[in-house]
Peer 1: 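Take a look at the following structure, please.
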Amino acid sequence: MANHSPWIACLVVVALAVLLQPLQSPLLLKGNVLLLTAHPDDECMFFAPTIRALTRAQTPVYSLCLSIGDADGLGALRRDELARSLEVLDIPPHRRWVVDHPDLQDNFTARWDPVTIASVLQPYVASNNIETILTFDASGISGHPNHCSLPDGVAHLSAPPALYTLLTRPLHAKYTGVLAPLLSKLTLYQDHIHVSPAVAKRVAHLLRLSATQPTIVAGIYDYLTALQAMRAHASQLVWFRWLYVLFSRYMWVNEWVEVVHPQSQI
């Protein structure tokens, strides 16, 4: 029987080499960037690759979380956990805030009112000269109605900054684990390495990847940092969240869609 161990070892080494370095396609962000989230732990469960890329590039990143996550009565604890997580992700105290508004409470059955979101958001945008907002798309990644409410709230600002929303992937693509960065890098690198266009196209079609879409792929150290940030949310580390951090593509890959506001089209 043939000994395949050397080939397996080579594949492992190549995979580790590919995973080691982060990679991104163009994400043209202007000025101060605000990450808008709904609950403590959103920042590390969904947005860590982007936060890491921006802070590494010394882009001023701000964070506004619109609830303290008090659905289970742990709001005070979760507020502290969020502060520790953002510390790990290198967002300093003077650039991060969490809101406890009576009409913006953690609730899995209700959407938040966009006018209320805009009224809470507006002072932070104006006083910090925010030029770009990053948040969930209308599907909210997990379908949580609080997540889904956020882009509509941004659209209700009197003069919305540039808005990018995190792309929700179909279920079969959400939980590809370590394959997510490998396949995303294959798609982004296809013009620079000797990969059959047919193979690259098939992979991209299967996972609905795009070489032209703004994409950020974490490196191993970015993933480990995101994992450390997630560990700050000790109250949330039930068994299924451990499965999430092991298998979710969002721990590794963020794909962004620019939302053009109607007034920007005039």
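All values reported here derive from a predicted model rather than from experimental measurement.
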Peer 1: Do the rings of His147 and Phe136 sit parallel, tilted or perpendicular, given the 30° and 60° boundaries?
Peer 2: parallel

Peer 1: When you compare the side chain of Leu34 with that of Glu131, does any pair of heavy atoms fall below 4.5 Å?
Peer 2: no

Peer 1: So, for Thr165 and Pro151, which heavy atoms are closest and what is the spacing to 0.1 Å?
Peer 2: CG2-CB, 4.1 Å

Peer 1: Taking Phe108 as the starting point, is it possible to reach Ile117 by hopping between hydrophobic residues whose side chains are less than 4.5 Å apart?
Peer 2: no

Peer 1: Hey, are the side chains of Leu183 and Thr176 touching, using non-hydrogen atoms and a 4.5 Å cut-off?
Peer 2: no

Peer 1: Might you point out which heavy atoms bring Val245 and Tyr223 nearest each other, and give the distance in Å?
Peer 2: O-OH, 2.7 Å

Peer 1: Heavy atoms only: give me the nearest Leu157-Ala118 pair and the separation to one decimal.
Peer 2: CD2-O, 3.6 Å

Peer 1: Go through it in stages, so that I can follow the logic: the residues are Leu35 and Leu54, the test is side-chain contact (heavy atoms from CB on, under 4.5 Å), and I'd like the CA-CA distance, side-chain angles, deciding distance and then a yes or no.
Peer 2: CA-CA 11 Å; Leu35 175 66; Leu54 293 177; over 6 Å; no

Peer 1: Which atom pair, heavy atoms only, marks the closest approach of Val253 to Pro49?
Peer 2: N-CG, 4.0 Å

Peer 1: Do Asp137 and Leu166 touch side chain to side chain, with heavy atoms closer than 4.5 Å?
Peer 2: no

Peer 1: Are Val238 and Leu246 connected, step by step, through hydrophobic side chains (Ile, Leu, Val, Met, Phe, Trp, Tyr) whose heavy atoms are closer than 4.5 Å?
Peer 2: yes

Peer 1: Evaluate the side-chain proximity of Asp222 to Arg56: yes if any heavy-atom separation is below 4.5 Å, no if none is.
Peer 2: yes

Peer 1: Measuring from Leu82:CG to Ile91:CD1, what's the distance to the nearest 0.5 Å?
Peer 2: 9.0 Å

Peer 1: Short question: side chain of Asn107, backbone of Asn146 - any donor-acceptor pair under 3.5 Å?
Peer 2: no

Peer 1: Determine whether Tyr164 and Thr50 satisfy the following criterion, side-chain contact (heavy atoms from CB on, under 4.5 Å), listing intermediate values before the conclusion.
Peer 2: CA-CA 12 Å; Tyr164 286 83; Thr50 298; over 6 Å; no

Peer 1: Are any of the side-chain heavy atoms of Tyr124 and Val99 separated by less than 4.5 Å?
Peer 2: yes

Peer 1: Once rounded to the nearest 0.5 Å, what's the spacing between atom CH2 of Trp256 and atom CG of Leu167?
Peer 2: 10.0 Å

Peer 1: What pairs with Tyr244 under side chain to side chain donor-acceptor pair (under 3.5 Å), at least two apart in sequence or on another chain?
Peer 2: Ser248

Peer 1: If I take atom CD from residue Gln228 and atom CD from residue Glu87, how far apart are they, to the nearest 0.5 angstrom?
Peer 2: 11.0 Å

Peer 1: State, without any angle test, whether Trp252 and Ser184 hold a side-chain donor-acceptor pair at a distance under 3.5 Å.
Peer 2: no

Peer 1: Donor-acceptor check, side chain of Thr37 to backbone of Glu43, threshold 3.5 angstrom: yes or no?
Peer 2: no

Peer 1: Does Met230 share a hydrophobic cluster with Leu77, counting links as ILVMFWY side-chain heavy atoms below 4.5 Å and allowing steps through other members?
Peer 2: no

Peer 1: According to a 4.5 Å side-chain heavy-atom criterion applied to Ile, Leu, Val, Met, Phe, Trp and Tyr, with indirect links allowed, do Val125 and Val115 form part of one hydrophobic cluster?
Peer 2: no

Peer 1: Go through Asp152 and Trp112 one step at a time and tell me if the side-chain contact (heavy atoms from CB on, under 4.5 Å) criterion holds.
Peer 2: CA-CA 10 Å; Asp152 198 19; Trp112 288 340; over 6 Å; no

Peer 1: Tell me whether Val88 shares a hydrophobic cluster with Leu227, the cluster being built from Ile, Leu, Val, Met, Phe, Trp, Tyr side chains joined at under 4.5 Å.
Peer 2: no

Peer 1: Please output the side-chain donor-acceptor pairs of residues 60-70 that fall under 3.5 Å, not counting sequence neighbours, one pair per line with the distance.
Peer 2:
unit_1: Ser67; atom_1: OG; unit_2: Ala38; atom_2: O; d: 2.7
unit_1: Ser67; atom_1: OG; unit_2: Gly69; atom_2: N; d: 3.2
unit_1: Asp70; atom_1: OD1; unit_2: Leu74; atom_2: N; d: 3.2
unit_1: Asp70; atom_1: OD1; unit_2: Gly75; atom_2: N; d: 2.7

Peer 1: Are the side chains of Glu81 and Pro40 in contact, using a 4.5 Å heavy-atom criterion?
Peer 2: no

Peer 1: For residues Glu255 and Arg249, determine if any side-chain heavy atom of one lies less than 4.5 Å from a side-chain heavy atom of the other.
Peer 2: yes

Peer 1: Establish, from distance only, whether the side-chain atoms of Thr55 and Asp90 form a donor-acceptor pair under 3.5 Å.
Peer 2: no

Peer 1: Hey, mind stepping through Asp103 and Asp113 against side-chain contact (heavy atoms from CB on, under 4.5 Å) and telling me if it holds?
Peer 2: CA-CA 8 Å; Asp103 296 326; Asp113 175 55; over 6 Å; no

Peer 1: For the atom pair CG (Asp42) and CG (Leu36), what is the distance rounded to the nearest 0.5 Å?
Peer 2: 9.5 Å

Peer 1: Looking at side-chain heavy atoms only, is the closest gap between Ile141 and Phe47 below 4.5 Å?
Peer 2: no

Peer 1: Quick check: closest heavy atoms across Tyr250 and Met45, and the distance to 0.1 Å?
Peer 2: CB-O, 3.7 Å

Peer 1: Quick one: closest heavy-atom pair of Ile51 and Leu89, and the distance?
Peer 2: CG2-O, 3.7 Å

Peer 1: If only atom types and distance count, is the side chain of Asn32 paired as donor or acceptor with the main-chain N or O of Thr132 below 3.5 Å?
Peer 2: no

Peer 1: Kindly compute the distance separating CG (Asn128) from CZ (Arg95), expressed to the nearest 0.5 Å.
Peer 2: 9.5 Å

Peer 1: Quick test of your reading of the model: are Arg78 and Asp41 salt-bridged, counting only N-O distances below 4.0 Å?
Peer 2: yes

Peer 1: What distance do Trp242 atom CH2 and Arg231 atom CZ have between them, rounded to the nearest 0.5 Å?
Peer 2: 5.0 Å

Peer 1: Check the surroundings of atom CZ in Arg241: do more than 12 heavy atoms from other residues, nucleotides or ligands lie under 6.0 Å from it?
Peer 2: yes

